[in-house]
**Q** 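Supplied in structure tokens, the structure appears directly below.
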Amino acid sequence: MIRRELRVERWWTPKLAQLVGAVALVVAVHGPQRGDIAKLGLFLLSAVGIAAFGHVLNDVSDRRTDALGAKPNATSGWSTLHTALALAATLAVGGVPWAFIDARPAARWLLAVEVLALVSYSIPPLRLKERGVPGAVADAAYAYVVPFAWVLVTFWVGPLPAAALAVTVVWSLLVGLRGILGHQLSDADSDRAAGVRTVVVRWGAERVRRLVAGPMLLAEVAAALCLCSVVVRSGSTWMAPFLVAYVVWR
């Protein structure tokens, strides 16, 4: 259980750092505003709560398949009451900060979309996790697309540029798809043993490796360069090298 929790912490730490970086980029484009630090703190608290809710929900829904695939599951010994309290507490941490965040109504709608994506991914009857491509898209949506769109909608001052939002959505979708397919590659044997029909199980590991390392990587880089172009045109030329460094790191 301790090993599982440490693995989750290592998984979420870079996600949190990426959200902070995205907020810094948005704020740098239009200049800092009064209350940005408090808003960032509340926003990150909400993000941690929603992420924890998603992890608990996913682990609870994976108990049977994890047992079949001989994978550790931090919730395997939890009672129904323990599970309900954990889900309610994490959801509260994710939702309550929005009573104090001054943001567009769309930001709260995106919070609802994030929760809906997490539930649809894990819980029957949809349980998109076991539905091949729709599952990979759902994972990319709740892990990258919605969070980055959330940052833009929450922290952008003034009219939200459609081009920036569109490019961010495309780029983050590609980042998320490569991420989940890489995760599925590492879990292919246990998923196959548990009967979980991921993209890798359906298509085969070698085919997915070629897709991830070839066309998807090139498309992600192209989308990131478009994002750099949008940032440069906004007047924040100095931010472009940081975006390029991030693309190289990815």
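Heavy atoms only: backbone and side chains are in, while hydrogens, waters and symmetry mates are out.
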**Q** Nearest heavy-atom pair of Ala140 and Gly176: which atoms, and what distance?
**A**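 The answer is CB-C, 3.5 Å.
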**Q** Would a hydrophobic clustering, with Ile, Leu, Val, Met, Phe, Trp and Tyr connected at side-chain separations under 4.5 Å, put Ile101 with Val113?
**A**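 Yes, one cluster joins them.
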**Q** With no hydrogens and no angle check, is any side-chain donor or acceptor of Arg178 less than 3.5 Å from a backbone partner on Leu217?
**A**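 No, because the side chain of Arg178 does not come within donor-acceptor range (under 3.5 Å) of the backbone of Leu217.
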**Q** Measure the CZ-CD distance between Arg210 and Glu206 for me, rounded to the nearest 0.5 Å.
**A**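 One gets 5.5 Å once the value is rounded to the nearest 0.5 Å.
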**Q** What closest approach, in Å, do Ala52 and Thr90 show between heavy atoms, and which atom pair accounts for it?
**A**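 So the minimum-distance heavy-atom pair works out to CB-CG2, 3.6 Å.
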**Q** Nearest heavy-atom pair of Val145 and Ser172: which atoms, and what distance?
**A**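 Scanning both residues completely, I find the closest heavy atoms to be CA-OG, 3.4 Å.
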**Q** Give the intermediate values and the outcome of side-chain hydrogen bond (donor to acceptor under 3.5 Å, both in side chains) for residues Thr83 and Arg63.
**A** CA-CA 12 Å; Thr83 300; Arg63 285 171 178 167; 3.0 Å; yes
**Q** Could you tell me whether a side-chain N or O of Arg202 sits under 3.5 Å from a main-chain N or O of Arg197, the two making a donor and an acceptor?
**A**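 Yes.
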**Q** With side chains defined as the heavy atoms from C-beta onward, is the minimum distance between Glu220 and Met216 less than 4.5 Å?
**A**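 No - every pair of side-chain heavy atoms lies 4.5 Å or more apart.
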**Q** So which heavy atom on Ala141 is nearest to which on Pro147, and how close?
**A**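 Ala141 and Pro147 have their closest heavy atoms at O-CD, 3.6 Å.
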**Q** Locate the shortest heavy-atom distance separating Leu128 from Ala138; write the atom from each residue and the value.
**A**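 So the minimum-distance heavy-atom pair works out to CD1-CB, 3.8 Å.
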**Q** Judged by atom type as modelled, is there a donor-acceptor pair below 3.5 Å linking the side chain of Ser120 to the main-chain atoms of Ala117?
**A**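 Here the side-chain-to-backbone pair does not exist.
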**Q** Is there side-chain contact between Leu57 and Ser61, with heavy atoms separated by less than 4.5 Å?
**A**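 Leu57 does not reach Ser61 side chain to side chain.
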**Q** Are any side-chain N or O atoms of Lys39 and backbone N or O atoms of Phe155, one a donor and one an acceptor, separated by less than 3.5 Å?
**A**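 Side chain of Lys39 to backbone of Phe155: no pair is present.
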**Q** Membership question, hydrophobic clusters at under 4.5 Å side-chain separation (ILVMFWY): are Leu177 and Trp203 in the same one?
**A**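 Shared cluster, yes.
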**Q** Would you check if Phe148 and Leu152 make a side-chain contact, meaning some heavy-atom pair closer than 4.5 Å?
**A**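 Phe148 does not reach Leu152 side chain to side chain.
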**Q** Checking the side chain of Asp59 only, and the main-chain atoms of Thr75 only, is there a donor and an acceptor separated by less than 3.5 Å?
**A**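 Pair absent, no side-chain N/O of Asp59 close to backbone of Thr75.
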**Q** Val201 and side-chain contact (heavy atoms from CB on, under 4.5 Å): which partner among Asp187, Asp191, Asp189?
**A**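 Running side-chain contact (heavy atoms from CB on, under 4.5 Å) over Asp187, Asp191, Asp189 with Val201 returns exactly one hit, Asp191.
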**Q** Give the intermediate values and the outcome of side-chain contact (heavy atoms from CB on, under 4.5 Å) for residues Val151 and Phe43.
**A** CA-CA 9 Å; Val151 167; Phe43 180 84; 3.8 Å; yes
**Q** Flag the pair Val93 / Leu45 as yes when at least one side-chain heavy-atom distance between them is below 4.5 Å, and no otherwise.
**A**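 When only atoms from C-beta onward are counted, Leu45 and Val93 do touch, with a gap below 4.5 Å.
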**Q** Are Leu44 and Leu91 connected in the hydrophobic side-chain network, where two residues link if heavy atoms are under 4.5 Å apart?
**A**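 As far as the 4.5 Å side-chain criterion goes, Leu91 and Leu44 are connected within one cluster.
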**Q** Is there side-chain contact between Leu118 and Ile50, with heavy atoms separated by less than 4.5 Å?
**A**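 Leu118 reaches Ile50 side chain to side chain.
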**Q** Between the side chains of Arg104 and Thr154, is a donor N or O closer than 3.5 angstrom to an acceptor N or O?
**A**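 Side chains of Arg104 and Thr154: no pair found under 3.5 Å.
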**Q** Output all residues satisfying side chain to side chain contact (heavy atoms under 4.5 Å, CB included) with Ala205, sequence neighbours left out; order by chain, then residue number.
**A**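 Leu185, Val200, Arg209.
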**Q** Any salt bridge between Asp139 and Lys129, counting N to O under 4.0 Å?
**A**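 Looking at Asp139 and Lys129, the cut-off is not met.
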**Q** What pair of heavy atoms forms the shortest contact from Gly95 to Leu111, and how long is it?
**A**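 In this case the closest contact between Gly95 and Leu111 is CA-CD2, 4.4 Å.
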**Q** Consider only side-chain heavy atoms of I, L, V, M, F, W and Y, link residues closer than 4.5 Å, and tell whether Leu174 and Val208 are in one cluster.
**A**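 Cluster IDs for Leu174 and Val208 differ.
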**Q** I'd like to know if the side chain of Gln184 reaches the main chain of Val199, judged simply by a donor and an acceptor atom lying under 3.5 Å from each other, with no hydrogens or angles considered.
**A**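 Pair found, side chain donor or acceptor close to backbone of Val199.
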**Q** Do the side chains of Val60 and Val56 get nearer than 4.5 Å, heavy atoms only?
**A**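 They are in contact (side-chain heavy atoms under 4.5 Å apart), so the answer is yes.
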**Q** List the steps and the verdict of side-chain contact (heavy atoms from CB on, under 4.5 Å) for Trp171 and Leu225.
**A** CA-CA 9 Å; Trp171 169 74; Leu225 293 176; over 6 Å; no
**Q** Can you get from Leu85 to Val48 by hopping between Ile, Leu, Val, Met, Phe, Trp and Tyr side chains that sit under 4.5 Å apart?
**A**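 Looking at the clustering, Val48 is in a separate group from Leu85.
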**Q** Under the ring-ring contact (aromatic ring centres under 6.0 Å, His included) rule, what pairs show up with a residue in residues 85-130, not counting sequence neighbours?
**A**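 Found Trp98-Trp150, Tyr121-Tyr142.
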**Q** To the closest 0.5 Å, what do you measure between CG (Leu87) and NE2 (His82)?
**A**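 Reported to 0.5 Å precision, the distance equals 10.0 Å.
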**Q** Taking the side chain as everything from C-beta on, heavy atoms only, tell me whether Tyr144 gets closer than 4.5 Å to Leu173.
**A**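 The answer is no; the side chains never approach within 4.5 Å.
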